[in-house]
Amino acid sequence: MYKDFQSFLRQELDSIEQAGLYKDERIITSPQKADITVSTGKEVLNFCANNYLGLSNNQELIDAAKKALDERGYGMSSVRFICGTQDLHKQLEAKISEFFGTEDTILYAACFDANGGVFEPLLSEQDAIISDALNHASIIDGVRLCKAKRYRYANADMADLEEQLKLAQAQRFRIIVTDGVFSMDGNVAPLDKIYALAEKYNAMVMVDESHSAGVVGKTGRGTTERFNLRGKIEIITGTLGKAFGGAIGGFTTGKKEIIDMLRQRSRPYLFSNSIPPMVAAAGIQMFDMMSRTNELQDKLHENTDYFVGKMKEAGFDIKPTESAICAVMLYDAKLSQEMATRMLEEGIYVVGFYYPVVPKDQARIRVQISAGHERAHLDKCIAAFTKVGKELGVIK
Ligand SMILES: *Cc1c(COP(=O)(O)O)cnc(C)c1O
């Protein structure tokens, strides 16, 4: 059998490669941080990590993880409800609830699991899920696993959302689901308007704060802080794998009864391992740090404003952003790849995205700013963009 299957796979892989969509891994040989070393020995500045607060290599978190490693061992070898829960897991859940101003929290191995396990235990064929067209793959997969009727609205399009909500009046319970920040444009979901429509059409709201937690809002509490909706949203999901240290782990936080039900019936929680104690301990340390100081959020916001301002001054077309994601618009797919390659030669690691990851003729370079970037890093990145941009005729 495998001989036939092998040639089938070879053909598929070839067609992926011919379409220019083959994904290669770039190999890093240093810790994750602003200046990294790659396997060729070259040192580059990293502008494509989700390391928004620069915590991936933070000493305080490393020390907390090491201490837990010594005191609590390496792994749990169990799901949470059998023998995979330490006091550390409960403490981390409490910290997350405090951070987001919610009633209770349940941890998962990843946000992919949190989203995969949130809909099916809560909703049935009598209910409706109304989902933004640009929501993350894990939300799409989670919705697929649930029998609720599906409605989709164009990205952040409130008129379309209202239409879908009218149609969804036929169902018993309704939930609107959105990413907090959309990863390709960096735009923030208009949660105030979504919430108002939810009130008007009797619906609940779920926000995935993966790209917004730690970033959006004055103190990084996410879109509920940005729109003054703390405690009002039924479900928030998020990851510990981006701004919050970048290791691993996800969570669902929100109304008490919802979290209770997830502990009873959410399959990735019931049938998958607990996060390691060291990750829980570092997470606790991280949330303590967040409540002690706003230094990192302030620096991130300053860095982002500085970068966007200077890039616009240089003549680049940047999508309006309220996050740490800056889309440098080039429109042309081939140009986006050329530019990313040239930028790497200049020592700046950024990624070009084009169709089908973004709409046709909307190719771009995505730049992700971090509190781990110093002014000199940003200046070097802007200088490289300006040099390469002139070379390639993107700016004058
Ligand atoms: C990254 C991301 C996830 C997945 O998070 P993991 O913890 O890495 O599984 C889910 N949702 C959104 C919106 C994301 O950006």
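Counting convention: from 1, in listed order, for ligands and their atoms alike.
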Tell me which protein heavy atom sits closest to [atom], plus the residue, atom name and distance to 0.1 Å.
{"atom": "atom 6 (P) of ligand 1", "result": "Cys111 N, 3.5 Å"}
{"atom": "atom 9 (O) of ligand 1", "result": "Phe112 N, 2.9 Å"}
{"atom": "atom 15 (O) of ligand 1", "result": "Lys242 NZ, 2.6 Å"}
{"atom": "atom 3 (C) of ligand 1", "result": "His136 CE1, 3.4 Å"}

* To do: State the CD1-CG distance between Ile130 and Leu197, to the nearest 0.5 angstrom.
  =>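 These two atoms lie 10.5 Å from each other.
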* Are Phe251 and Tyr108 close enough that their ring centres sit under 6.0 Å apart? -> no
* Asked: Between Glu71 and Lys67, is there a side-chain N and carboxylate O pair less than 4.0 Å apart?
  ->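 A salt bridge links Glu71 with Lys67.
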* To do: Look at Asp104 together with Lys256 and state whether they make a salt bridge at an N to O cut-off of under 4.0 Å.
  => no
With backbone taken as N, CA, C and O and side chain as the heavy atoms from C-beta onward, which portion of [X] lies under 4.0 Å from ligand 1: side chain, backbone, both, or neither?
{"X": "Ala110", "value": "both"}
{"X": "Asn115", "value": "side chain"}
{"X": "Ser210", "value": "side chain"}

* To do: Check the side chains of Tyr153 and Glu163 for a donor-acceptor pair under 3.5 angstrom, ignoring hydrogens and angles.
  => no
* **Donor + acceptor pair across side chains of Thr237, Thr252 (<3.5 Å)** => no
* Asked: Any idea which of Thr239, Thr178, Leu240 brings a heavy atom closest to atom 8 (O) of ligand 1?
  -> Thr239
* Can you find a non-hydrogen atom of Glu209 under 4.0 Å from ligand 1? ->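 No, Glu209 has no heavy atom closer than 4.0 Å to ligand 1.
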* Could you tell me if any non-hydrogen atom of Gly250 lies under 4.0 Å from any atom of ligand 1? => no
* Asked: Under 30°, 30 to 60°, or over 60°: which ring-plane class applies to His373 and His377, parallel, tilted or perpendicular?
  ->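 Taking His377 first and then His373, their aromatic rings stand perpendicular (interplane angle over 60°).
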* Which class fits the ring pair Phe244 and Phe100: parallel under 30°, tilted 30 to 60°, perpendicular over 60°? ->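 Judged by the thresholds at 30° and 60°, the geometry between Phe244 and Phe100 is perpendicular.
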What atoms of ligand 1 come closer than 4.0 angstrom to any heavy atom of [X]?
{"X": "Asp179", "answer": "13 (C)"}
{"X": "Asp208", "answer": "10 (C), 11 (N), 12 (C), 13 (C)"}
{"X": "Ser138", "answer": "10 (C), 11 (N)"}

* Show your reasoning for whether side-chain contact (heavy atoms from CB on, under 4.5 Å) applies to Arg263 and Arg80. => CA-CA 9 Å; Arg263 282 191 209 282; Arg80 285 287 300 279; 3.9 Å; yes
